[in-house]
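Structure first, then comments.
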Amino acid sequence: MKNSVSALFLAAALLGCGGAGGEGGEPSDISTTARGEDRLELATNPADVLPAPSASAVSCTPLCGGSCTPVQLAQATGLDKPILPVGNDVYFAGAITYEASYSYFGRVSKQGSSRVLLAQNLLRPPTFLSNATSAYAVIRYPGNSGLGHLNEIKPDGSITPVPGIDGSRSLIMPAVDATKLYALSLGDASVWSTSLSSGGAWTQSTRSIANVVARSVRVDGTSVYIVTEHVTEDQSTVWKASKQGLATPTKLVTIPGSIVSLTSDETDLYFADRTGGIFKVSKSGGAVTRLASTATNLSITVDAERYYWFNGTALTATCKNGGGSQVLATVSSPPEIIPEVIAVDGEGVYWRNSSQVWKIAK
């Protein structure tokens, strides 16, 4: 049986999924590139994702026995926005429009029941963050929603505002580790942090970067990674800085065009550009490898064995060890590039697509 799920099958799944509301309803309808850049290495055949499985590929066996069936968990009206699996649930956010307070925040169980609208009439949809042990929802303008700027999402489904976190720094591009919340400054691409346990004043963690536009920030156990764009030179850079002291960022990699998605595992950074390239570079620097050349409107995430990418026509899982790729589902293109529309945990792969939340059990 083919690994891919046909468009006809997926359309049937859409029509047959119980509890899904019609498109265009209000949020309350939800029930309670690389062009020869130095140090850039292209794969042997960049038109392909990876070569066929080698005899040495002893792990990364096909997901769902080689034949995956996507299950619609929820109808999530409006623009596709980030999702995050936590405990027994998947959290999602969306916006009908940015012209007024029509953003919302909800969750659905991983079994596709018990859909709950947690907050609505927000000025902006929340951003979801996670570290090795905890998950959070960042809300720039919580208003009278009963939520805070930073809210811990616990495995039992409870949501607790974290006290002492204020909005004196822009929270449009945040990151989190085990002890701190980080915010990337739009004005000078500096990174600021505040304590998760006590909040309080924000402290500058990295020095400014001149003549760039800040795009995103990620953190791991030791370092901060900053994505910037130099618009006049049509190139993007990933910078690296220590989390200790007031660090000066250093260039890790520069590529032509715009980086729209950045994620990582223990040793490598994975990122995608606006023209449809997916790349990998070691956290210690060195050559950049193009992993795939694909369509635009893509997203990427990783787990221990695979990286998962969405290019507007297919959701694909590719083995890191060279064991090949598997098309998990055929999907339609979202209306805009949103890097966080794919998420993964030990139980399954989840994504937002055409205003629905989907899951494939591993």
Side-chain angles (χ1 to χ4, degrees), residues 3 5 59-74 76 80-94 105-116 118 126-138 151-159 174-178 218-221 261-270 272 298-310 314-321 323 325-329 331 338-353 356-362:
N3 291 340
V5 179
S59 62
C60 199
T61 57
L63 296 175
C64 25
S67 180
C68 296
T69 301
V71 176
Q72 183 182 332
L73 298 182
D80 288 332
K81 290 298 173 186
I83 60 174
L84 181 68
V86 181
N88 295 319
D89 301 298
V90 180
Y91 291 79
F92 56 91
F105 172 27
R107 72 166 178 249
V108 62
S109 75
K110 291 178 181 178
Q111 287 70 44
S113 60
S114 185
R115 291 183 293 273
V116 178
L118 300 168
T127 300
F128 298 128
L129 304 173
S130 64
N131 53 37
T133 58
S134 303
Y136 300 91
V138 176
N151 307 271
E152 184 174 3
I153 303 173
K154 298 184 178 180
D156 65 1
S158 60
I159 300 174
V176 68
D177 63 14
R218 299 289 186 269
V219 296
D220 61 15
S261 178
L262 177 69
T263 189
S264 68
D265 57 21
E266 291 186 359
T267 59
D268 299 305
L269 297 174
Y270 297 79
L298 53 81
S299 181
I300 184 171
T301 192
V302 298
D303 62 13
E305 289 188 331
R306 300 170 174 85
Y307 58 92
Y308 303 81
W309 47 287
F310 172 59
L315 175 65
T316 301
T318 300
C319 297
K320 295 178 182 177
N321 67 357
S325 293
Q326 177 184 1
V327 174
L328 304 180
V331 293
I338 301 296
E340 297 85 3
V341 293
I342 307 175
V344 63
D345 63 11
E347 181 179 332
V349 186
Y350 313 85
W351 72 98
R352 281 287 301 266
N353 174 242
Q356 291 110 18
V357 178
W358 292 86
K359 173 187 175 181
I360 284 178
K362 290 183 174 180

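The figures here come from the full heavy-atom set of this structure, side chains too, leaving out hydrogens, waters and symmetry mates. In this chain, residues are counted from 1 in sequence order. Note that the structure is a prediction, hence the values are computed from the model and not measured.
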**Study point:** Nearest heavy atoms of Pro174 and Thr127, plus distance in Å
**Key:** CG-CG2, 4.1 Å
Review point. Which atoms form the tightest heavy-atom contact between Ala361 and Cys64, and what is the distance?
Key: O-CB, 3.7 Å
Review point. With side chains defined as the heavy atoms from C-beta onward, is the minimum distance between Thr301 and Phe310 less than 4.5 Å?
Key: no
Practice item. Mind listing the closest non-hydrogen atom pair of Lys154 and Tyr91 along with its distance? Key: O-OH, 4.3 Å
Exercise for review: Measure the spacing between OG of Ser134 and CD of Glu152 and express it to the nearest 0.5 Å.
Suggested key: 4.5 Å
Check your understanding: Where is the tightest heavy-atom contact between Thr316 and Ser325, given as atom of each residue plus distance?
Key -> CG2-CB, 3.9 Å
Check your understanding: Looking at Leu269 and Ser264, what are the two nearest heavy atoms and their distance?
Key -> CD2-CB, 3.6 Å
Exercise for review: To the nearest 0.5 Å, tell me how far Asn321 CG sits from Arg306 CZ.
Suggested key: 9.0 Å
Check your understanding: Would a line drawn from the ring center of Phe128 to the ring center of Phe105 be shorter than 6.0 Å?
Key -> yes
Check your understanding: Do Cys68 and Gln326 have side chains that get closer than 4.5 Å, going by heavy atoms?
Key -> yes
Review point. So, Lys320 and Asp265, do they make that salt bridge, N to O below 4.0 Å?
Key: yes
Review point. Arg107 pairs by side chain to side chain contact (heavy atoms under 4.5 Å, CB included) with which of Val90, Asp89, Ile153?
Key: Asp89
**Study point:** Interatomic distance, Tyr270 atom OH to Thr318 atom OG1 [nearest 0.5 angstrom]
**Key:** 10.5 Å
Check your understanding: Once you round to the nearest 0.5 Å, how far does OG of Ser299 lie from CH2 of Trp309?
Key -> 12.0 Å
Review point. If only atom types and distance count, is the side chain of Arg352 paired as donor or acceptor with the main-chain N or O of Gly94 below 3.5 Å?
Key: no
Point to revise | Euclidean distance, Ser109 OG relative to Leu73 CG, rounded to 0.5 Å | key: 7.0 Å
Check your understanding: Can you find a heavy atom in the side chain of Lys362 that is under 4.5 Å from one in the side chain of Asp303?
Key -> yes
Review point. Between Tyr308 and Val302, what is the shortest heavy-atom contact and its length?
Key: CD1-CA, 4.5 Å
Practice item. Could you pull out all residues at least two apart from Asp220 that satisfy salt bridge (Lys or Arg N to Asp or Glu O under 4.0 Å)? Key: Lys283
Revision key, fill the gap. Value for OG (Ser261) from CD1 (Ile342), rounded to nearest 0.5 Å, stands at 8.0 Å
**Study point:** Check: Ile360 and Leu63 side chains under 4.5 Å, non-hydrogen atoms
**Key:** no
Review point. Using the ring of each side chain (for Trp, its six-membered ring), is Trp351 parallel, tilted or perpendicular to Trp358, with breaks at 30° and 60°?
Key: parallel
